[in-house]
2 protein chains.
Amino acid sequence: MLSKKAKYGLKALEYIAKQDPKTPVHTSAISLAESIPRKFLETILLDLKHDGILKSKQGKNGGYNLLIPPSEVTIGRVVRLFDGPIALLPCVSSNYYEPCEDCENEAFCGLKNIFSEVREATGSILDKLSLNDILIRERALKKKTSNSTKAKPRSPKK
Amino acid sequence: MLSKKAKYGLKALEYIAKQDPKTPVHTSAISLAESIPRKFLETILLDLKHDGILKSKQGKNGGYNLLIPPSEVTIGRVVRLFDGPIALLPCVSSNYYEPCEDCENEAFCGLKNIFSEVREATGSILDKLSLNDILIRERALKKKTSNSTKAKPRSPKK
DNA sequence: TGTTTCTCCTACTAATCTTATAGGATTTAT
DNA sequence: ATAAATCCTATAAGATTAGTAGGAGAAACA
């Protein structure tokens, strides 16, 4: 399971990505909108800033904005920042590789073989999809519903 | 990351699966072979027994054996037993589903959409592969190496 | 210049989870 | 009987999680 930090972090980023990129977004606004404890959120946004995903403006009317475009903020990066490795075993992690203490023959380990497949499957999703994809999918989901609610809006009038 | 329990559990099961299914396997033998603390292993094997994966024989010359064939012990089942849900968000878990506390519109959640894809990818591997597949892959890996070590053993003599 | 409103930073804490260990009760073979 | 094994519960140290507390520092603005 994701930690609250990772989940809150993703939701906060999503919220920021939806706002005007020129206007600083207040912690308290995010806190309110996404039901994230304000003080907790502060530390999370700070982490995101230190990682180079967000930039901040201090003082009155300050707040946060994305430092890099939403399409370049991968989900994997955010998950790793807060929760560490995506892999389920250290020996199959790309970014945090460590051999298992007592593994005699890593090359022959059936477990490694299987969990490497799992890591590949999840990594290929999380490192490919970005903040932007969250937004795109959300729009797609909403559109889909509004379409199926309306009566046959298939072809727009000329 | 997997917990030690899950990892130890899988390794223990693998060890047991490799032994004669008629002869009870001692905790101490597994502990020694796989470098798992004996007392810790005891509780793990007990869990596996209570879950119906292992059966035990008490008393002298007692020990553990598989209750069901290796091909029916999925990795997913063992992981879930020790570590809970495979999903990264409660709202995308098949076996432990829970709505997110403050999620207003689960149907429109971009995060859910993406992590449901992740859950599907990992679940489809972990619930399809079994203890038997670990053994099969291990054998395949060893064979591959021994082949490439030998000089062209491609076609056996008639 | 002083006040307000933000971020920034560190330290702390309560609760839970992890990774075991301890000590014996129970069961069975010999 | 005794030895050797599982069974069961309790305990405990350490790490992690999910926050909270309290202010320092920066900028806008009156």
Side-chain angles (χ1 to χ4, degrees), chain A residues 1-12 16 19 23-32 34-67 79 81-85 88 90 100-102, chain B residues 1-12 16 19 22-32 34-67 79 81-85 88 90 96 100-102:
Chain A
M1 287 276 188
L2 286 190
S3 69
K4 294 273 186 185
K5 276 200 170 183
K7 193 175 151 193
Y8 290 163
L10 285 167
K11 294 189 82 177
I16 293 171
Q19 314 303 315
T23 314
V25 181
H26 302 166
T27 303
S28 57
I30 306 170
S31 165
L32 195 65
E34 304 291 342
S35 312
I36 305 171
R38 205 192 103 254
K39 277 302 216 174
F40 195 30
L41 180 58
E42 271 188 22
T43 68
I44 292 168
L45 295 175
L46 223 39
D47 286 342
L48 287 167
K49 183 199 167 176
H50 291 149
D51 197 61
I53 295 174
L54 292 177
K55 65 183 170 192
S56 69
K57 184 168 177 290
Q58 284 199 65
K60 198 170 178 180
N61 302 329
Y64 291 92
N65 292 104
L66 288 174
L67 181 60
V79 170
L81 173 61
F82 293 112
D83 291 357
L88 292 177
C100 294
E101 321 82 43
D102 334 293
Chain B
M1 287 278 187
L2 286 190
S3 69
K4 295 270 187 187
K5 273 199 171 184
K7 193 175 150 194
Y8 289 164
L10 285 167
K11 293 189 81 175
I16 293 171
Q19 313 304 313
K22 303 292 179 187
T23 314
V25 181
H26 301 164
T27 303
S28 56
I30 306 171
S31 164
L32 194 65
E34 305 291 341
S35 312
I36 304 169
R38 205 191 103 254
K39 278 302 217 174
F40 195 30
L41 181 57
E42 270 187 25
T43 69
I44 291 168
L45 295 176
L46 222 40
D47 287 342
L48 287 166
K49 184 199 167 176
H50 291 149
D51 197 63
I53 295 173
L54 291 178
K55 64 184 170 189
S56 69
K57 184 166 178 292
Q58 285 200 66
K60 197 169 181 181
N61 303 330
Y64 292 92
N65 294 102
L66 288 174
L67 183 60
V79 169
L81 173 62
F82 293 112
D83 290 357
L88 292 178
Y96 301 82
C100 294
E101 319 83 42
D102 335 293

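Worth saying up front: this structure is predicted, and the values here are computed from it rather than measured. Naming: A, B, ... by sequence-line order, numbering from 1 per chain.
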### Task
Provide, to the nearest angstrom, the distance between the NZ atom belonging to B:Lys7 and the P atom belonging to C:dA20.
10 Å
### Message
Suppose we screen for side chain to side chain contact (heavy atoms under 4.5 Å, CB included). Which residues come up paired with A:Ser35, at least two apart in sequence or across chains?
### Response
B:Asp102
### Task
Indicate yes or no for a side-chain donor-acceptor contact from B:Ser31 to the backbone of B:Ile36 under 3.5 Å, with no hydrogens or angles considered.
yes
### Task
Measure from NZ on A:Lys49 to C1' on C:dC6 and round the result to the nearest Å.
12 Å
### Task
Under 4.0 Å from any heavy atom of chain A: name the first and the last nucleotide of DNA chain D that qualifies, 5' to 3'.
D:dA18 to D:dC29
### Message
If I take atom CD in residue A:Glu42 and atom P in nucleotide C:dT5, what distance separates them, rounded to the nearest angstrom?
### Response
15 Å
### Closest approach of A:Thr27 to A:Glu42 (non-hydrogen atoms, all atoms of both residues)
CG2-CG, 4.0 Å
### Query
With nearest nucleotides of DNA chain D determined for B:Asn61 and A:Gly59 from heavy-atom distances, which residue corresponds to the more 5′ nucleotide?
B:Asn61
### Task
Could you tell me the separation between the NZ atom of B:Lys7 and the CD atom of B:Glu34, rounded to the nearest 0.5 Å?
10.5 Å
### Query
So do the side chains of B:Lys5 and B:Asp47 get within less than 4.5 Å of each other, counting heavy atoms only?
yes
### Nearest heavy atoms of A:Leu67 and A:Gly52, plus distance in Å
CD2-O, 3.4 Å
## Note on the structure
Sequence neighbours excluded, the answer for side chain to side chain donor-acceptor pair (under 3.5 Å) partners of B:Thr43 is none
Polar pairs (N or O, both sides) under 3.5 Å between protein and nucleotides 11-19 of chain C?
{"unit_1": "C:dT19", "atom_1": "OP2", "unit_2": "B:Lys4", "atom_2": "N", "d": "3.0"}

### Message
Between C1' on C:dT26 and NZ on B:Lys60, what's the gap in Å once rounded to a whole number?
### Response
16 Å
Name the atoms and distances for all side-chain donor-acceptor pairs under 3.5 Å in residues 57-66 of chain A, with sequence neighbours left out.
{"unit_1": "A:Asn65", "atom_1": "ND2", "unit_2": "A:Pro21", "atom_2": "O", "d": "3.3"}
{"unit_1": "A:Asn65", "atom_1": "ND2", "unit_2": "A:Thr23", "atom_2": "O", "d": "2.9"}

### Query
Would you say the side chain of A:Ile30 lies within less than 4.5 Å of the side chain of A:Leu45, judging by non-hydrogen atoms?
yes
### Message
Let's see if you get this right: which residues in residues 50-58 of chain A place a heavy atom under 4.0 Å from DNA chain D?
### Response
A:Lys57, A:Gln58
#### Entry: Closest approach of B:Met1 to B:Asp83 (non-hydrogen atoms, all atoms of both residues)
O-OD2, 4.4 Å
### Query
Side-chain N or O of A:Thr27 less than 4.0 angstrom from OP1 or OP2 on C:dT7?
yes
### Query
Taking the side chain as C-beta and beyond, is there a heavy-atom pair between A:Leu10 and A:Phe82 under 4.5 Å?
no
